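Whatever order the structure lists ligands and atoms in, that order sets their numbers, starting from 1. As the structure is a computational prediction, the values presented were derived from the model and not from experiment.
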Amino acid sequence: MVAFLLFLGTAAHADEGMWLPLFLQQLNEKQMRSMGMKITAADIYNINKGSLKDAIVSFGGFCTGEVISDKGLVLTNHHCGFDAVQNHSTLERNYIRDGFWAKNKGEEIPNPGLFVTFIVRIEDVSKTALAGVTPAMTEQERSAAIDKNIAGLKTTVKREAYQDFFVRSFFEGNQYFLFVTETYKDVRLVGAPPSAIGNFGKDTDNWMWPRHTGDFSMFRIYAGKDNKPADFSNENVPYVPKKSLSISLGGMKEGDFTMVFGFPGRTTQYLPAAAVDQIMQVNDPAKIAIRDKALGVIDGFMRKDEKIKIQYAAKYASISNAWKKWQGEVLGLTSTKAVDKKKVYEAEFQKRVNANPAWKEQYGSLLGDLETSYAEINKYGLARDYFNETISRIEAFALGAQLNNLAGIKQKNGDKAFKDAVPKTIDRLADLYKEYSPEVDKQLFTVLMEKFTKDQPAEFLAPELVALAKSNDYNFSKIADEFYTGNDLLNAGAKVLANLQANPDLVLMANDLNKANQLFISLNAHYSATVTRKLSGLQAKINQLQRTYMKAQMEVMKERKFYPDANSTLRVTYGNVKGYQARDAVKYDFYSYLDGVMEKYKPGDYEFDVPEKLRTLYKNKDYGPYGKNGKMPVCFIAMNHTTGGNSGSPALDASGNLVGLNFDRVWEGTMSDINYDPSICRNIMVDIRYVLFIIDKYAGAGHLVQEMKLVNKGKNP
Ligand code: ARG
Ligand code: ASP
């Protein structure tokens, strides 16, 4: 009985899944309507006329945004627009601390490199992509054949000159889909609240409920005069979208239908128990422990130095974000007994396979082979994590690497290519220096190199590193002194950039003497000799097994509804607004209010300070049309299955109106990337009324609200 219940636990739940918009009608519409949806699948995705999908953009390739006015206004999260806000901030003009609002279009700030991508249409191209692919092929042969097939599409795919396309693999390479896209590259910053609102509660509250963060920022898409994509130009005009979202002031009550439409990045829902166990026991704990060290160093400097606080803000947030998520993930996988459930599921799979001779022949040894392969990859995966989390984190190495690349170009492609490459190197180094402090990096080097050397088995340590450590009695602080002192590349960025202009050869010569760089070269060589090659061979084997396992599950476990893992393509997920029981005796409500912001308020605090103006608005209950019964809603949760990349995604109500912005998940449920569990997996959204309240009443940027289409005014549930 217990086994049976556990088994049911792994079948897809109503709320689980990130679905491809083009199959909604076929796979989901009926269920969505039964859960309360009032629109049709064709209102969501339609290639013949404007549909909701035409208001959704991939924001810079890492987040989601949505168009909310017919003048190209785009809403996304504060943490998604943060890099732009940080880039425009200085000590004197600190938009991170004070927020920023353009008073008119002339004040909107361009962001070179930032883009938004619309999806024009999606097509199944599995047949074309897999033409001529046979089971006998090696993984390399297979991917070469597929690449060639996909390249062939360049001449045949129907699209306009200003449109692009890409093809992605789904279901572990069993299917391929094509996405025709339109990318706009002139995206300007319109506004962002101060961090004390946009990132209220910072890392302490991150991945947690109850949450009180106004995690939003605003941009505007600019197009050429013909409304088509165009490079940045002062002549560009606000983009007129095919569709912009209507915004509902109606709010949500428990049980209401919601859906989230966006670009989830990566999930791994179909791993075998052995792989999940490895993540929990080996990889997550190692990465967490290393990041503990890195965060300790950076935090120490940020708290006492305002300049470093600006420089390292984005870096710190991103290191801390995954660090905290992994902890929640291990906790959630443990509490929901994910590995046991997978084992029960696998036993059922094996039983069915064994009972059918054809399946037995094809799939009989699959699970065993997967287990063996995961056991083999274990130590190499760990070595990769160590390398990525330490060597790739130390900026002294990254700086040296830029010059190594330049030297490589000179050697391989000659003087002309070298001269041409210098300006790019200068740009890249300048970018690195902007967010670099030698003091911080030196301390990072000390603690991370020590951990790298002391934790790992001898086979993964370069002989040069061992010799260096031994001759310094394993005193890495001494080694750091020797490396960083008097090293221009690590201490005198401006000088190095000037020298690169004047005499790049001289800079390369100096880099040959740079001891940090010498060590880096040895570490790299040793890593590729002892880890990279092994890892890619084993990974290829695992990919092939996972692909077969996916195909086999779809054949054998017929009653289960399968959805493809997230791969940064456009998906729809849906579920009802709902609180949850976190653990014994602890139940969470589904809405948070401004009262909660004030409960958390700590004057002058690094994470929980509240701007004076917001306190005044609260005191006077001055919420305009956005409050509800004298209270100001802030965030709410629902059962939508989301992941990283879904940040900034619109939360839509049953009629397709914008009611919130997705930005996070709850602590107990962060393992939804590996094993979604409806009892504790919830996504967190900021209520659109809080967003409008901050824009209008707090920032005094009501002219932006004028651009939007508001519905359900005065209709509060
Ligand atoms: N946890 C959310 C996501 O994965 C929000 C992260 C931004 N906030 C922060 N304090 N780092 O991206
Ligand atoms: N905060 C995430 C993001 O940036 C969303 C999530 O992981 O739930 O996309």
Side-chain angles (χ1 to χ4, degrees), residues 15 18 56-66 75-83 85-86 96 192-209 211-217 258 260-268 291 294-295 298-299 302 309 312-329 332 565-571 573 575 600 605-608 635-651 660-674 676 680-686:
D15 314 276
M18 304 164 169
I56 317 298
V57 292
S58 162
F59 186 85
F62 52 87
C63 276
T64 304
E66 52 277 349
L75 201 54
T76 187
N77 286 147
H78 183 266
H79 76 265
C80 297
F82 188 67
D83 202 50
V85 177
Q86 182 184 17
I96 302 179
S195 271
I197 291 172
N199 192 11
F200 179 72
K202 290 219 172 59
D203 299 293
T204 298
D205 267 13
N206 191 21
W207 298 111
M208 300 280 214
W209 181 254
R211 191 63 155 278
H212 299 88
T213 310
D215 196 344
F216 77 95
S217 61
T258 53
V260 170
F261 205 173
F263 292 85
R266 193 176 124 81
T267 58
T268 47
R291 288 194 179 200
L295 289 167
I298 303 174
D299 184 60
M302 281 174 75
K309 187 172 158 185
Y312 277 77
K315 244 178 243 172
Y316 186 89
S318 116
I319 301 172
S320 138
N321 193 42
W323 164 81
K324 195 164 177 189
K325 189 191 109 167
W326 292 323
Q327 298 176 52
E329 186 167 273
D565 267 318
N567 59 358
S568 296
T569 58
L570 185 61
R571 305 292 180 88
T573 161
K600 287 177 178 173
D605 186 68
Y606 190 71
E607 301 185 295
F608 292 100
C635 294
F636 65 105
I637 54 175
M639 300 182 73
N640 299 298
H641 188 181
T642 53
T643 189
N646 266 129
S647 273
S649 296
L661 266 189
N662 184 73
F663 72 97
D664 209 2
R665 282 171 281 162
V666 304
W667 178 241
E668 294 79 5
T670 52
M671 82 307 183
S672 63
D673 291 348
I674 298 174
Y676 180 92
I680 49 173
C681 290
R682 298 289 180 274
N683 69 313
I684 307 180
M685 295 150 281
V686 52

(message) Test of understanding: given a 4.0 Å heavy-atom threshold, classify the contact between Asn199 and ligand 1 as side chain, backbone, both, or neither.
(response) side chain
(message) Once you restrict to heavy atoms under 4.0 Å, what part of Lys202 touches ligand 1? Side chain, backbone, both or neither.
(response) backbone
Answer yes or no: is there a side-chain heavy-atom contact under 4.5 Å between [X] and [Y]?
X	Y	value
Asn662	Asn640	no
Thr76	Ser217	yes
Trp207	Asn321	yes
Phe59	Asn77	no
Met671	Cys681	yes
Trp209	Arg682	no
Ser195	Phe82	yes
Trp667	Gln327	yes

Using a 4.0 Å heavy-atom cut-off, which part of [X] comes near ligand 2: side chain, backbone, both, or neither?
X	value
Asn321	neither
Phe62	neither
Lys325	neither
Asn646	backbone

For the residue pair [X] and [Y], confirm or rule out a side-chain donor-acceptor distance under 3.5 Å.
X	Y	answer
Thr268	Arg266	no
Thr267	Asp565	yes
Asp215	His79	yes

Interfacing atoms of ligand 2 (cut-off 4.0 Å, heavy-atom, [X]):
X	answer
Gly645	3 (C), 9 (O)
Thr643	5 (C), 6 (C), 7 (O), 9 (O)
Phe663	1 (N), 2 (C), 5 (C)
Trp207	7 (O)

(request) Give the single entry among Arg665, Arg682, His79 that approaches atom 6 (C) of ligand 2 most closely by any heavy atom. (result) Arg665
(request) Using non-hydrogen atoms of the residue, decide whether Phe263 is closer than 4.0 angstrom to ligand 2. (result) no
(request) Answer with yes or no whether Cys63 contacts ligand 2, where contact means a heavy atom under 4.0 Å from a ligand atom. (result) no
Please list, in number order, the atoms of ligand 1 under 4.0 Å from a heavy atom of [X].
X	answer
Phe663	2 (C), 5 (C)
Ala317	11 (N)
Asp203	10 (N), 11 (N)

Top protein contact for [atom], by heavy-atom distance:
atom	answer
atom 9 (C) of ligand 1	Asn206 ND2, 3.6 Å
atom 3 (C) of ligand 1	Asn321 ND2, 3.4 Å
atom 7 (C) of ligand 1	His79 CG, 3.5 Å
atom 2 (C) of ligand 1	Asp664 OD1, 3.1 Å

(request) Looking only at distances, please establish whether an N/O atom of ligand 2 is found under 3.5 Å from an N/O atom of Ser647. (result) yes
(request) State which residue, out of Ile684, Thr643, Ile637, fulfils the side chain to side chain contact (heavy atoms under 4.5 Å, CB included) condition with Arg665. (result) Thr643
(message) I need the single residue from Leu75, Thr64, Val260 that forms a side chain to side chain contact (heavy atoms under 4.5 Å, CB included) with Leu661. Which is it?
(response) Leu75
